[in-house]
Amino acid sequence: MEQAHAEPNYMAIFWWLFALTIIEVGIVYAHLPHAYTVVALVLLALLKAFLVAWNFMHLRFEKGALIAVVGLPLLLLVDLFLGLMPDIAHRLF
């Protein structure tokens, strides 16, 4: 049985994405250390991807699928990163 879903406020989403893009450009021109710039841009890109998926792909109504599709790969990514940290630290130092 289908449920009626409220339409998202597309202009509000546009302005949020626009503001995040302006922040990204500002970060690039701020001449921060390379590592900080990369981390900030990746986090902002993830936030923008979340906004698009949450509103335009209607994932807010798919809680179980969202956890399976997004949460599990992120959990595996963190596990892989933590598992490789001893080797990365050994190589750097």
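Side chains included, hydrogens not; waters and symmetry mates left out as well; all remaining heavy atoms used. FYI, the numbering just counts along the sequence from 1.
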J.: Taking the side chain as every heavy atom from C-beta outward, state whether Asn9 and Asn55 have any pair of such atoms under 4.5 Å apart.
T.: no
J.: In Å, rounded to the nearest 0.5 Å, how long is the span from CG of Leu80 to CG of Leu75?
T.: 11.5 Å
J.: Answer yes if Val42 and Met85 sit in the same cluster of Ile, Leu, Val, Met, Phe, Trp and Tyr residues linked by side chain heavy atoms under 4.5 Å apart, and no otherwise.
T.: no
J.: Do Trp16 and Leu47 belong together in a cluster built from hydrophobic side chains that touch within less than 4.5 Å?
T.: yes
J.: If hydrophobic clusters are built from ILVMFWY residues whose side chains come within less than 4.5 Å, do Leu51 and Ile23 share one?
T.: yes
J.: Please say whether more than 12 non-hydrogen atoms of neighbouring residues, nucleotides or ligands are located less than 6.0 Å from OH in Tyr29.
T.: no
J.: Find the distance between CG (Leu43) and CG (Leu20) and round it off to the nearest 0.5 Å.
T.: 11.5 Å
J.: Please examine the side chains of Lys48 and Thr21, heavy atoms only from C-beta on, and report whether any two atoms are closer than 4.5 Å.
T.: yes
J.: Could you measure the distance from the CG atom of Leu77 to the CG atom of Leu82? Nearest 0.5 Å is fine.
T.: 9.5 Å
J.: Is there a side-chain contact between Ile13 and Val52 in this structure, where contact means two heavy atoms from C-beta onward sitting under 4.5 Å apart?
T.: no
J.: Report yes or no: do Leu41 and Leu32 belong to one cluster of Ile/Leu/Val/Met/Phe/Trp/Tyr joined by side chain heavy-atom distances under 4.5 Å?
T.: yes
J.: Would Tyr36 and Leu46 show up in the same hydrophobic cluster when neighbours are defined by side-chain heavy atoms closer than 4.5 Å?
T.: no
J.: Check the angle between the aromatic planes of Trp15 and Phe18 and answer parallel, tilted or perpendicular using the 30° and 60° thresholds.
T.: perpendicular
